[in-house]
Each structure stands twice: as structure tokens, then as C-alpha cells.
Asks: 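Structure incoming, see below.
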2 protein chains.
Amino acid sequence: MEDEESITAALKALSSPVRLQIMEWLRDPRAHFPPQRDGDLVEDGVCVNFITAKLGLSQPSASVHMKMLAGANLVRPKRIKQSVFYKRNEEAIRSLQEELAKRV
Amino acid sequence: MEDEESITAALKALSSPVRLQIMEWLRDPRAHFPPQRDGDLVEDGVCVNFITAKLGLSQPSASVHMKMLAGANLVRPKRIKQSVFYKRNEEAIRSLQEELAKRV
DNA sequence: ATCCTATATAATATAATTCCTATATAGGTG
DNA sequence: CACCTATATAGGAATTATATTATATAGGAT
């Protein structure tokens, strides 16, 4: 059971074409990103650096987008060495969809 | 199959607490709105006038919110006499949820 | 320590959202 | 027709979102 605030935060996070695109990419990291040295694409997540490059936005913009997705609990960050890797939070995503089915 | 634009439009429409609330009310109009003279709450939809009153916003603000929901195809307007009645578009809502399950 | 790479934060500009008041339009009623 | 009710549109103010460049911080490598 989520409160309305967390639901609208998640919906707002997803209502940007840029962030929706990121979420889609993260469903199948191996299909969309090159192999990484320091973290496994699937196990650990995708390095922000690669997401930034693929987006074609500035590094700070990408950083903020990822932070918003993380703030909505849709992805989770993991720091390895100097890099941050983002991975989908499947449980929270499922819970959002359930909550959405109840309310909308 | 919906295109990304219609999905993000729908998500944006739902990512406002006000509009999410409206969508919830419209799930069970009889539980949330008084009986109407000119149109059946369930068959025809809920009169904008009642939605406006329940929201506690100005009439133009309510009008714009409803227009956004309608623009995202989440509700459908029906004009009877001088009033407009809004009803959920269950098919489009289901289709959005399916599309969301595929992408997010 | 110095340098390099990766990410975050600050400052800023522009655009979009959300609300308001005032006004216009559309449709009935007397 | 004049008038009333219901809804939409226009214009404007405050807030939030999205992007940028410049700078700060964090961690490794030389």
C-alpha cells in the first residue's frame, strides 16, 4: 500500500520521455549498453556514464534524471569504486502498477 | 499499441494529485457525487459542475484539468443540454496499463 | 601529492504547470 | 429578445521542470 504522494511522484518520474526511455533501456541492459569493467550490467546495474552517453544530454542533466528516478524508488543506485550503477527496482515497479490498478 | 507520446501524456495527466483524485472519484460516481437531473452518473458520467465543487478549485481550473484528462484519452466528455459529463474511458485505461507493463 | 575519471551541486535561463480573475461562448428558460 | 446557468478561453502570476555551463567532491592511478 503506497500513499498518494509516492504514486504521483513515480508517475511524474515516468511521465518524461527521457526517463521512460531510461526505464525501458534498463529492462534489458545487455541489449542497450556495452559491457562494463567494474560492475555487471544485470547484477549491479548500468553505469550512469553510459546512460549519459546514450541519452545525448549533458552529464549533470543525466545525473538529475537518475536522481529523480531513484527518488521515486523506481531504480536503485549502487556505488562501486568511483562509479554509480543504477538498476531497476522491480518490486517497487510492480507495487506501483498494482496500486495504479486499484486507483486508476 | 500506443506510441510513446500518448503514454507520457497519460502519465503526465495522472501524475497530478488533483487529477489522480478525479480518476478515483470517477471509478464509483455514485459514492462520490449527488444524483443528477440531466444525465445518469454511471451511464453518462459526472457533470463538470459537481467535480468542480468537490475539488474546491475555481471553475476554469477544474475545466482545464478535465480537458487534460480528456486529451490523454483517460476520460470522455458527453454533452447533454448545457452540461458536460465526464466518464472514464476504461478501454484506454486498460490499454495504458498494459503498455506500461510492457515498457516500465 | 598530482592528475584523471566519475558524479554531484550551484547558478542560471527558458519553458511548462497550475492556479487565479475576467471575459467569451453555448444552451435553456421566461 | 433578455437573462441565467454551464463551460471554455485569455491573460497573468507563482511555482516547478529541464536544460545548460562552471565548479566541487570522491575515488583511483601514476
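The model shown is predicted, which means the values in this text are computed figures rather than measured ones. In what follows, chains are A, B, ... by sequence order, proteins preceding strands, each numbered from 1.
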Asks: Output one letter per nucleotide in nucleotides 18-30 of chain C: B when a protein non-hydrogen atom lies under 4.0 Å from the base, S when only the sugar-phosphate is that close, - when neither is.
Replies: SSBBB----SS--
Asks: Give the C-alpha distance, both sets of side-chain angles, the deciding distance and a yes or no for side-chain contact (heavy atoms from CB on, under 4.5 Å) between A:Met68 and A:Leu74.
Replies: CA-CA 9 Å; A:Met68 290 180 69; A:Leu74 294 166; over 6 Å; no
Asks: List in chain and number order the residues that pass salt bridge (charged side-chain N to carboxylate O under 4.0 Å, His left out) with A:Glu4, two or more places apart in sequence or in another chain; answer none if no residue qualifies.
Replies: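 Expected list: none.
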Asks: Can you tell if the side chain of A:Arg103 reaches within under 4.5 Å of the side chain of B:Met23, non-hydrogen atoms only?
Replies: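 Side chain of A:Arg103 against side chain of B:Met23, heavy atoms only: no contact under 4.5 Å found.
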Asks: Could you state the CG-P distance from A:Leu14 to D:dT18, rounded to the nearest angstrom?
Replies: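 Distance, rounded to whole Å: 12 Å.
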Asks: Does the plane of the ring in B:Trp25 sit parallel, tilted or perpendicular to the ring in B:Phe33? Use 30° and 60° as the thresholds.
Replies: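 Rings of B:Trp25 and B:Phe33: perpendicular, as their planes differ by over 60°.
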Asks: Does either side chain, that of A:Thr52 or that of A:Asn49, offer a donor lying less than 3.5 Å from an acceptor on the other one?
Replies: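 No, no side-chain donor-acceptor pair sits under 3.5 Å.
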